[in-house]
Amino acid sequence: MTIRLYDTSARQIRDFTPLRPGCVSIYLCGATVQAAPHIGHIRSGLNFDIMRRWFEYRGLDVTFVRNVTDIDDKIITKSAEQGRPWWAIGYENERAFSDGYRALGCMPPTYEPRATGHITEMVEMMRGLIERGHAYEADGNVYFAVTSFPGYLQLSNQELDNLLQPSGDGETGKRDPRDFAMWKAAKPGEPSWETPWGRGRPGWHLECSAMAHKYLGSAFDIHGGGLDLIFPHHENEIAQAKAYGDEFARYWVHNAWVTMSGEKMSKSLGNSVLVSEMVKRWRPIVLRYYLGTPHYRSMIEYSEEALREAESAFARIEGFVQRVVEKAGGVVPPAAEVPPAFAEAMDDDLGVPQALAVVHTAVRQGNSALAADDKEEAVARLAEVRAMLGVLGLDPLDPHWAGDGGRGDDLHGVVDTLVRMVLDQREAARARKDWPTADAIRDQLNQSGLVVEDSPQGPRWSLGPR
């Protein structure tokens with residue numbers, strides 16, 4: 001068994017060899033909590049959730065760290081605009097992110113540190129970098145001297161002479177305009193913390209270098225995040241950490257974006273689709289299928305049509321699962337192992353599209369077995385399907401989804417009771433051979449978005465495609 005991953009720093013797919021046999025350490029850049037998440041934000045967490053699940057299936061013990069950036073220029077700007085404390089905005093949106101991850105079935109991280117809880121570690125790192133000649137203080141700011149680190153820009157493959165370093169207000173006293181801020185001097189009315197160089201607040205890049213060091217040590221396996229973080233964020237993280245003496249991440253894995261009209265989904269473009277609104281319109285398990293089944297390095301162009309296609313595709317899987325459970329007279333446990341073709345696809349840079357093709361093939365084979373009344377073969381295929389869906393976090397029989405697909409047990413129970421009452425009226429009409437009434441009831445349910453299927457165990461209903 002060899003898992004292979006595309007390493008951004010090597011610009012190629014590499015065999016994955018963990019730093020410690022049997023263990024995997026992952027640091028994922030998480031939320032900057034200036035606003036509620038859209039589905040583009042959640043895609044990153046979902047992609048790395050699938051990575052984590054595959055490592056665990058392969059028998060590896062995963063330590064998964066996903067940080068929260070709860071102090072940032074954007075959060076401070078929002079605070080001024082809304083007249084609310086910065087920490088209140090941050091905490092409110094942190095909870096919205098947690099709700100979004102949970103709704104789409106992401107496992108909670110091993111650790112989820114907040115930036116503001118690690119000022120001590122940041123001060124320690126800055127002190128070490130200043131002592132080693134890689135950083136300096138100016139006007140209460142602390143800057144990293146990029147020319148002091150020979151490996152700078154290797155991740156993003158840029159030329160230092162052509163570098164345009166993003167710079168914020170108040171970043172005065174730089175020796176070189178390409179240097180970046182690790183610590184920003186306090187401004188009136190803004191949050192600040194005491195340091196040997198005066199009061200101020202951390203820069204975004206410093207936060208992650210310090211937290212990765214604290215929770216994963218001087219060397220760890222995988223650093224992840226979106227493509228947009230390669231520069232400046234990840235490039236600057238590398239410079240700080242390695243200049244401090246850390247080996248830092250051994251593999252760099254980046255997921256692609258969710259786009260609208262060819263542009264990255266972002267609040268600044270006004271084209272974001274909030275998770276809190278999407279889960280009201282689409283079943284969360286369908287959203288997970290839509291966001292999680294394309295390859296993590298492929299862009300997803302958002303459209304309602306694409307979501308409807310995902311809904312229909314998942315409905316075929318879910319319908320097969322339900323039919324076999326009814327045929328078997330009870331829940332069929334997942335197989336101990338996934339099919340070899342599925343494993344081969346997942347080992348090859350998390351090839352979820354190819355792995356999903358194996359799922360659909362097994363579903364077709366299972367449906368053929370059902371049509372031939374071959375219960376044993378249908379049950380065997382369902383066991384395989386459940387094992388594969390479990391790796392992808394899409395098993396409809398998993399307790400997270402079971403019964404309602406993630407819409408809420410109370411809501412599903414109410415709807416089921418109402419639909420059963422109508423179906424009982426239809427069954428009564430069928431019993432007295434009043435076929436026009438029975439057909440009319442079924443047609444009305446179909447028009448309401450419900451699909452009714454007659455089975456030997458009686459009628460069952462499900463949500464139909466939009």
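All residue numbers refer to positions in the sequence shown, counting from 1. Everything numeric here is computed off the predicted structure, so don't read it as measured data.
Using bins of under 30°, 30° to 60° and over 60° for the plane-to-plane angle, the ring pair Y101/F97 lands in the tilted bin. Ring planes of W54 and F342: perpendicular class, angle over 60° (limits at 30 and 60°).
What you find for I285 and L394 is that their closest heavy atoms are O-CD2, 3.6 Å. Minimum interatomic distance between P333 and A383 (heavy atoms only, all atoms of both residues): O-CB, 3.6 Å. Here the shortest heavy-atom pairing between Y152 and L160 reads CD2-CD1, 4.0 Å. Nearest approach of Y27 to C208, heavy atoms of both residues: OH-SG, 3.2 Å. The minimum heavy-atom distance between P353 and H295, with the atom names listed, is CG-N, 3.5 Å. Between Y289 and A313, the shortest heavy-atom contact is OH-CB, 3.5 Å.
Other residues, nucleotides and ligands contribute only 12 or fewer heavy atoms inside 6.0 Å of the CZ atom of R114. Atom OH of Y111 has 12 or fewer neighbouring heavy atoms from other residues, nucleotides or ligands inside a 6.0 Å radius. At most 12 heavy atoms of other shown residues, nucleotides or ligands fall within 6.0 angstrom of atom CD in E305. Atom OH of Y6 is surrounded by more than 12 heavy atoms from other residues, nucleotides or ligands within 6.0 Å. The 12-atom threshold is exceeded at CD of Q82, counting heavy atoms of other residues, nucleotides or ligands nearer than 6.0 Å. For CD of E427, the number of neighbouring non-hydrogen atoms (other residues, nucleotides, ligands) closer than 6.0 Å is greater than 12. Around CD of E159, the count of heavy atoms belonging to other residues, nucleotides or ligands within 6.0 Å does not exceed 12.
The distance from atom CE of M260 to atom CD1 of I39, rounded to the nearest 0.5 Å, is 8.0 Å. Rounding to the nearest 0.5 angstrom, the gap separating the CD atom in E207 from the CD atom in Q240 is 10.0 Å. Between the CG atom in L229 and the CD atom in E235 there is a gap of 12.5 Å [rounded to 0.5 Å]. A distance of 9.5 Å separates CG of L104 from CE of M278, quoted to the nearest 0.5 Å.
In this structure, the ring of H205 has its center less than 6.0 angstrom from the ring center of F180. Taking the centre of each ring, F220 and Y215 stay at or above the 6.0 Å mark. Between H213 and F248, the ring center distance fails the sub-6.0 Å criterion.
A salt bridge does not link R308 to E311: none of the charged side-chain nitrogens sits closer than 4.0 Å to a carboxylate oxygen.
Side-chain N/O atoms of S261 and E263 include no donor and acceptor closer than 3.5 Å. Looking only at atom types and distance, the side chain of N367 has no donor-acceptor partner in the side chain of R316 under 3.5 Å away. Donor-acceptor pairing under 3.5 Å is lacking for the side chains of T63 and D61. Remark: the Y91 side chain and the D70 side chain contain no N/O donor-acceptor pair separated by less than 3.5 Å. A donor-acceptor pair shorter than 3.5 Å cannot be found between the side chains of S98 and R95. Under 3.5 Å, the side chains of S44 and N255 contain a donor-acceptor pair of N or O atoms.
S298 places no side-chain N or O within 3.5 Å of a backbone atom of P294 that could act as its donor or acceptor partner. Formation of a donor-acceptor pair under 3.5 Å by the Y302 side chain with backbone atoms of V273 is not found in this model.
Only one option out of R58, R52, R53 pairs with E56 in a salt bridge (charged side-chain N to carboxylate O under 4.0 Å, His left out); it is R52.
Among residue pairs with one or both ends in residues 253-262, none qualify as salt bridge (Lys or Arg N to Asp or Glu O under 4.0 Å); sequence neighbours excluded.
Put simply, the side chain of I222 reaches to within 4.5 Å of the side chain of M51, judged on heavy atoms.
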Under the side chain to side chain donor-acceptor pair (under 3.5 Å) rule, what do S25 and D221 come out as? Steps first, then yes or no, please.
CA-CA 5 Å; S25 46; D221 291 307; 3.2 Å; yes
K327 vs D373, test: salt bridge (charged side-chain N to carboxylate O under 4.0 Å, His left out). Steps then yes/no.
CA-CA 9 Å; K327 184 78 171 177; D373 200 28; 2.2 Å; yes
